[in-house]
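As the structure is a computational prediction, the values presented were derived from the model and not from experiment.
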Amino acid sequence: MTARLAIALTTLTLATAAHAEGDVATGQKTFETRCRACHMIADPAGEVIQRGGRTGPNLFGVADQPAAADPDFRYKASLQAAAEQGLVWDEAAFVAYVQDPTAFLKEFTGDAGARSAMTFKLKDGGADVFAYLASLSPES
C-alpha cells in the first residue's frame with residue numbers, strides 16, 4: 001500500500017467515524033416525516049434530492065459547514081450572530097440546535113434575547129438526521 005493510499009484511507013475512516021453516531025436510513029425517514037415540511041435538499045446544480053418546503057434553508061452540504069451559509073436564504077439576526085461567532089454545524093451543534101433552537105442560540109451567542117426562526121423542536125433523532133445530511137454532502 002502506498003503512503004498516499006494509506007493517507008486517503010485514514011482520512012476516509014476518520015470522516016466516516018465523525019458521522020458514525022447516527023443512522024443514515026433512520027435519519028432519512030425522520031427528515032421525510034419531520035423536516036421536509038420546512039426544508040428541502042437540492043444540490044448546487046439544482047437537482048432536488050429531497051423535495052420539501054422553503055420556509056427553512058436548503059440543507060444540502062450543511063454537515064460540518066458554517067452556519068447561515070446558504071446565500072439564497074435570509075437568516076434571522078440571532079443565527080447570523082452565531083455564524084459570526086464561528087458556529088459550525090458539526091454533529092454536536094446540530095443535535096443541540098434541533099432539540100431547542102432558541103435555547104441553543106441563547107447559550108451559544110450569550111444573548112438572552114436571541115431567537116430562532118425555527119420553532120419546531122426535534123427532541124429525538126437529531127444524530128440520525130445529521131448522519132443523513134452528512135451522507136449527502138459533496139465530500140461523501
Side-chain angles (χ1 to χ4, degrees):
M1 178 174 355
T2 67
R4 184 174 286 174
L5 179 58
I7 291 170
L9 288 174
T10 301
T11 302
L12 179 61
T13 301
L14 290 174
T16 302
H19 302 295
E21 293 296 316
D23 179 75
V24 173
T26 301
Q28 180 177 1
K29 289 176 188 172
T30 301
F31 186 93
E32 290 171 352
T33 60
R34 311 292 307 274
C35 306
R36 76 177 187 176
C38 297
H39 297 278
M40 66 179 298
I41 303 171
D43 70 15
E47 181 182 338
V48 176
I49 298 165
Q50 185 70 249
R51 292 199 185 287
R54 295 177 188 229
T55 303
N58 175 9
L59 295 182
F60 180 81
V62 73
D64 296 319
Q65 296 301 310
D70 181 347
D72 297 324
F73 190 78
R74 293 178 58 183
Y75 296 94
K76 301 294 184 191
S78 294
L79 191 58
Q80 288 177 342
E84 290 168 8
Q85 292 177 25
L87 176 59
V88 171
W89 294 125
D90 61 16
E91 184 174 7
F94 181 87
V95 170
Y97 180 79
V98 299
Q99 286 178 344
D100 191 337
T102 293
F104 175 86
L105 289 176
K106 286 179 180 183
E107 182 177 335
F108 188 88
T109 63
D111 177 3
R115 296 282 180 264
S116 175
M118 185 170 141
T119 57
F120 176 78
K121 296 177 183 180
L122 183 62
K123 294 296 182 185
D124 297 311
D128 296 329
V129 173
F130 185 84
Y132 172 58
L133 295 173
S135 77
L136 301 174
S137 292
E139 296 83 30
S140 292

With rounding to the nearest 0.5 angstrom, report the CD to CG distance, Gln99 to Asp124. 7.5 Å

Between Ala127 and Val95, what is the shortest heavy-atom contact and its length? N-CG2, 3.4 Å

Which distance, rounded to the nearest 0.5 Å, do you find between the NZ of Lys76 and the OG1 of Thr102? 11.5 Å

Neighbour count above 12 (heavy atom, 6.0 Å) for Gln85 CD: yes

I'd like to check Arg115 versus Lys106 (side-chain heavy atoms, cut-off strictly below 4.5 Å). Are they in contact? yes

Work out which heavy atom in Leu133 is nearest to a heavy atom in Val62; give both atom names and the distance. CD1-CG1, 3.7 Å

Mind checking whether Phe108 and Phe104 have parallel, tilted or perpendicular rings, split at 30° and 60°? parallel

I want to check something: taking the side chain as every heavy atom from C-beta on, are Leu136 and Ile41 in contact at a cut-off of under 4.5 Å? yes

How many angstroms lie between atom OH of Tyr132 and atom CD of Gln50, to the nearest 0.5 angstrom? 4.0 Å

Is the Phe94 ring parallel, tilted or perpendicular to the Phe130 ring (thresholds 30°, 60°)? tilted

Taking all heavy atoms of Ala63 and all of Ala134, pick out the closest pair and write down the distance. CB-CA, 3.6 Å

Looking at Val24 and Ala131, what are the two nearest heavy atoms and their distance? CG2-O, 3.6 Å

Phe60: which residues meet the ring-ring contact (aromatic ring centres under 6.0 Å, His included) condition with it, sequence neighbours left out? none

Got more than 12 heavy atoms from elsewhere within 6.0 Å of NZ, Lys29? no

What about Phe31 and Val48, same hydrophobic cluster or not, with Ile/Leu/Val/Met/Phe/Trp/Tyr joined at side-chain heavy-atom distances under 4.5 Å? no

Please answer: with hydrophobic residues joined when any side-chain heavy atoms are less than 4.5 Å apart, are Met40 and Phe73 in the same cluster? no

Once rounded to the nearest 0.5 Å, what's the spacing between atom CG of Asp100 and atom CG of Leu122? 11.5 Å

Could you tell me whether a side-chain N or O of Asp128 sits under 3.5 Å from a main-chain N or O of Gly22, the two making a donor and an acceptor? no

On a heavy-atom basis, which atom in Ala68 and which in Ala83 lie closest, and how many Å separate them? CB-CB, 3.9 Å

Apply side chain to side chain donor-acceptor pair (under 3.5 Å) to Ser116 and Tyr97, showing your working. CA-CA 10 Å; Ser116 175; Tyr97 180 79; 2.7 Å; yes

Can you list the steps and then say if Gln28 with Glu32 is a side chain to side chain donor-acceptor pair (under 3.5 Å)? CA-CA 6 Å; Gln28 180 177 1; Glu32 290 171 352; 3.1 Å; yes

Output the distance between atom CZ (Arg51) and atom CZ (Arg36), rounded to the nearest 0.5 Å. 10.0 Å

Hey, does Leu87 have a side-chain heavy atom less than 4.5 Å from the side chain of Thr109? no

Is the side chain of His39 donor-acceptor paired with the backbone N or O of Pro57 at a distance under 3.5 Å, no angle test? yes

Any heavy-atom pair between the side chains of Met118 and Val98 that's under 4.5 Å? yes

Would you mind reporting whether Leu59 and Val129 have side-chain heavy atoms less than 4.5 Å apart? no

Interatomic distance, CZ@Arg74 vs CD@Gln80, rounded to 0.5 Å, equals 9.5 Å

